[in-house]
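Everything below concerns the one structure shown next.
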Protein chains: 2
Amino acid sequence: MGEEKKNATIYDVAAAVGVSLATVSRVVNGSENVRPATRDKVLSAIKELGYRPNAVARGLASKKTTTVGVVMPDMTNLFYSELTRGIDDVANMYQYDVLLTNTDDDPKRALTAVRNLADKQIDGLLFMGSQLSDEVLAAIQATDVPVVLAGSVNHGRVLPSVNIDYKKAFAEVTDNFLQAGKKRLALVLGSDDRAIDQDYRRAGYEKALAEGGIALDEGLIFAGARSYQDGQNLAEAIEKAGAEAVIAYDDEVALGVLNGLQDMGKKVPDEIEIVSANNTTFTMVARPEISSIDQPKYDIGAVAMRLLTKLMDKESLDEEQVVLPYTMVKRQSTK
Amino acid sequence: MGEEKKNATIYDVAAAVGVSLATVSRVVNGSENVRPATRDKVLSAIKELGYRPNAVARGLASKKTTTVGVVMPDMTNLFYSELTRGIDDVANMYQYDVLLTNTDDDPKRALTAVRNLADKQIDGLLFMGSQLSDEVLAAIQATDVPVVLAGSVNHGRVLPSVNIDYKKAFAEVTDNFLQAGKKRLALVLGSDDRAIDQDYRRAGYEKALAEGGIALDEGLIFAGARSYQDGQNLAEAIEKAGAEAVIAYDDEVALGVLNGLQDMGKKVPDEIEIVSANNTTFTMVARPEISSIDQPKYDIGAVAMRLLTKLMDKESLDEEQVVLPYTMVKRQSTK
DNA sequence: CTGAAAGCGCTAACAC
DNA sequence: GTGTTAGCGCTTTCAG
């Protein structure tokens, strides 16, 4: 109390052993060029003094912080938190720490986040979000820091990314319903302007519809649903639109729709079927359980981080755009 | 490409304007002591050169990193991610960045996390977990870094913390059932050795039982349930134990029990009632919806971080052990 | 109001 | 093998 307990520095260790800073630095960094005897002396001095290298000083001198920035929309969203779990585990495996920032999927916040992270001299950046704005892209490129997108699309494929084939997955889901004779398929999206919603999910849906010879009915497309509540509120409109099945981009939203529909007396899957797209715990806790596209969330994050470690090591990537396989999980909400 | 785009340094700015480093530093840090005219010149030079202070260098020189460490069990657990959301928002508000580490609630991992974070010279630490081991406590105290516990108990109250009164809440829930004439109350816990489970949740349960003159039946206490699956697997045993109601410490677990019970034909709440303790989205998506103790999760995190900012500013705390109010949310799983 | 100078704790050539 | 010497980019006295 009151005693400023100044941490031992590399200098203290050097003095204690009677060697130079350089030698201590060498043993700390595992350099070969140290005589075993001196190494041992240094090591025990380190232990005695409780010396721990100051990562900040190290970062300044070496220009590597062993820290990666992670930009995500919302950590309370299971989809993103599972991606991030994969990111975090691999980051730790490679000895990186994670500087995490929530953006609420807001490009403005993403922009400040990226800049701020860059100021902290992160060695790499992992970006997640339904959209990568031009400003953010520019900010990222201005930093010279390697980036990988996880579960997020980028037009022009200018940045490395790890995803599933969203368009194909949505086309497949849509087509499955078509094959089963359903024609009025509601599509629930998070936005009416984000690339992932429009150019991938909706595009897949439209593609399948077109191939199935079914005319697109805008009245069956519902954009802007972000939460369980939103889903629940949408139930009535979906019912009114005469949908025979609904395809929802998010599990919580899907569950909201499901419960909303059931609360108003609709039978699922007998009168209306539902499929969601993230296969989080929410799909399993629902009654009936919700059929879903299963994205390998943890793996997307893990692979993305692995790519980033390669980039940070100046290695080249075998493929910049990694597309992981998805599967369809059949549960009780579909027949 | 190839051109090493060296970021402008404070030195470049100084040279461009024709002033000293000190002056640039002053305007960057908003010091009063700069003539408006020079300030403007410096500011425009900064803009032109796109100068951004290197936070690492700053951290080394000032011994402040404006970074806080957050140690949490699992970001895919809604309880913790909502706490962390509160932490993150307040941290941003006060211009701190968050270095996040998952521990899986493992004391060993918590220990390395704390040490590692300390090496990075964090200005403060936010700790979450069902347990604060002696080693971790020692490691924290060895660092001299201010700490606040969020949603986590510490015996002896040696560290500042923000919580609800878990014991009281569990006693209240238990007593409510007792008042309603229920006598066989199952208690589902996460562990049989962690303080928060034993000294708070179980203690509250036992207290109410004792006051109600009901003998404790160890056969009604189920420890070690961590997931939805665990809850589901527990349903049969709970039913066999003849429970009239169940009190679960976690929402996902509670939902597992609920679905397990219903899947085996039990009527909730008619034949058996259920109450959970975190009031996350899982309680609302259940059918029937689950009654729950509502902890102000976001606020616990937010208040904890606010306390930490005070500590980091060397301010004293009005109260070190903050106890936030909880409420009981009555839904359909209880009568 | 502004500049000079001394570090912060460590890495990284470069000598010996 | 080990030591010397420069910095990394910035803050912070201390002068003036």
Please state how far atom [atom1] in [X] lies from atom [atom2] in [N], giving the value in whole angstrom units.
X	N	atom1	atom2	value
A/N33	C/dA15	CG	P	17 Å
B/R39	C/dC1	CZ	C1'	11 Å
B/Q121	C/dG9	CD	P	9 Å
B/D40	C/dC1	CG	C1'	15 Å
B/L21	D/dT11	CG	C1'	10 Å
B/R52	D/dC8	CZ	P	21 Å
A/L60	C/dC10	CG	C1'	8 Å
B/R26	C/dA4	CZ	C1'	11 Å

So does [X] get a side-chain nitrogen or oxygen closer than 4.0 Å to the phosphate oxygens (OP1/OP2) of [N]?
X	N	answer
B/S25	D/dT11	yes
B/N54	D/dC8	no
A/K63	C/dA12	no
A/N29	C/dT11	yes
B/T38	C/dC1	no
A/Y51	C/dC10	yes
A/T23	D/dT2	no
A/R58	C/dT11	yes
A/T9	C/dG9	no

Whichever of A/G18 and B/A61 has the more 5' nearest nucleotide on DNA chain D, that residue is A/G18

Short side-chain donor-acceptor distance under 3.5 Å, A/S81 and A/N77
no

Using five pairs at each end of the helix from C/dC1-D/dG16 to C/dC16-D/dG1 to define an axis, what is the angle between those two axes, to 10°?
30°

For A/R226 and A/D104, what are the C-alpha separation, side-chain angles and deciding distance, and is it a salt bridge (charged side-chain N to carboxylate O under 4.0 Å, His left out)?
CA-CA 11 Å; A/R226 303 297 188 95; A/D104 287 328; over 6 Å; no

On DNA chain C, does the nearest nucleotide to B/A57 precede the nearest nucleotide to B/P36 from the 5' side, or the other way round? Give the residue.
B/P36

Choose from D/dC10, D/dT4, C/dA4 the nucleotide whose nearest atom is closest to any side-chain atom of B/S20.
C/dA4

Among the candidates C/dT2, D/dT11, C/dG3, find the nucleotide nearest to the side-chain atoms of B/R35.
C/dT2

Between B/D105 and B/R194, does a side chain to side chain contact (heavy atoms under 4.5 Å, CB included) hold up when you go through it step by step?
CA-CA 10 Å; B/D105 219 7; B/R194 308 262 156 133; 3.3 Å; yes

Pairing of A/R115 and A/D119 as salt bridge, 4.0 angstrom limit
no

State plainly whether the residues A/D299 and A/R306 are in salt-bridge range, i.e. N to O under 4.0 Å.
no

Pairwise side-chain contact, A/T84 with B/M75, heavy-atom cut-off 4.5 Å (strictly under)
yes

4.5 Å side-chain heavy-atom contact, A/V322 and A/N163:
no

Looking for any heavy atom pair under 4.0 Å, which part of the strands does B/V19 touch: base, sugar-phosphate only, or nothing?
sugar-phosphate

Can you tell me which residue among A/N116, A/T66, A/L99 is in a side chain to side chain contact (heavy atoms under 4.5 Å, CB included) with A/I122?
A/L99

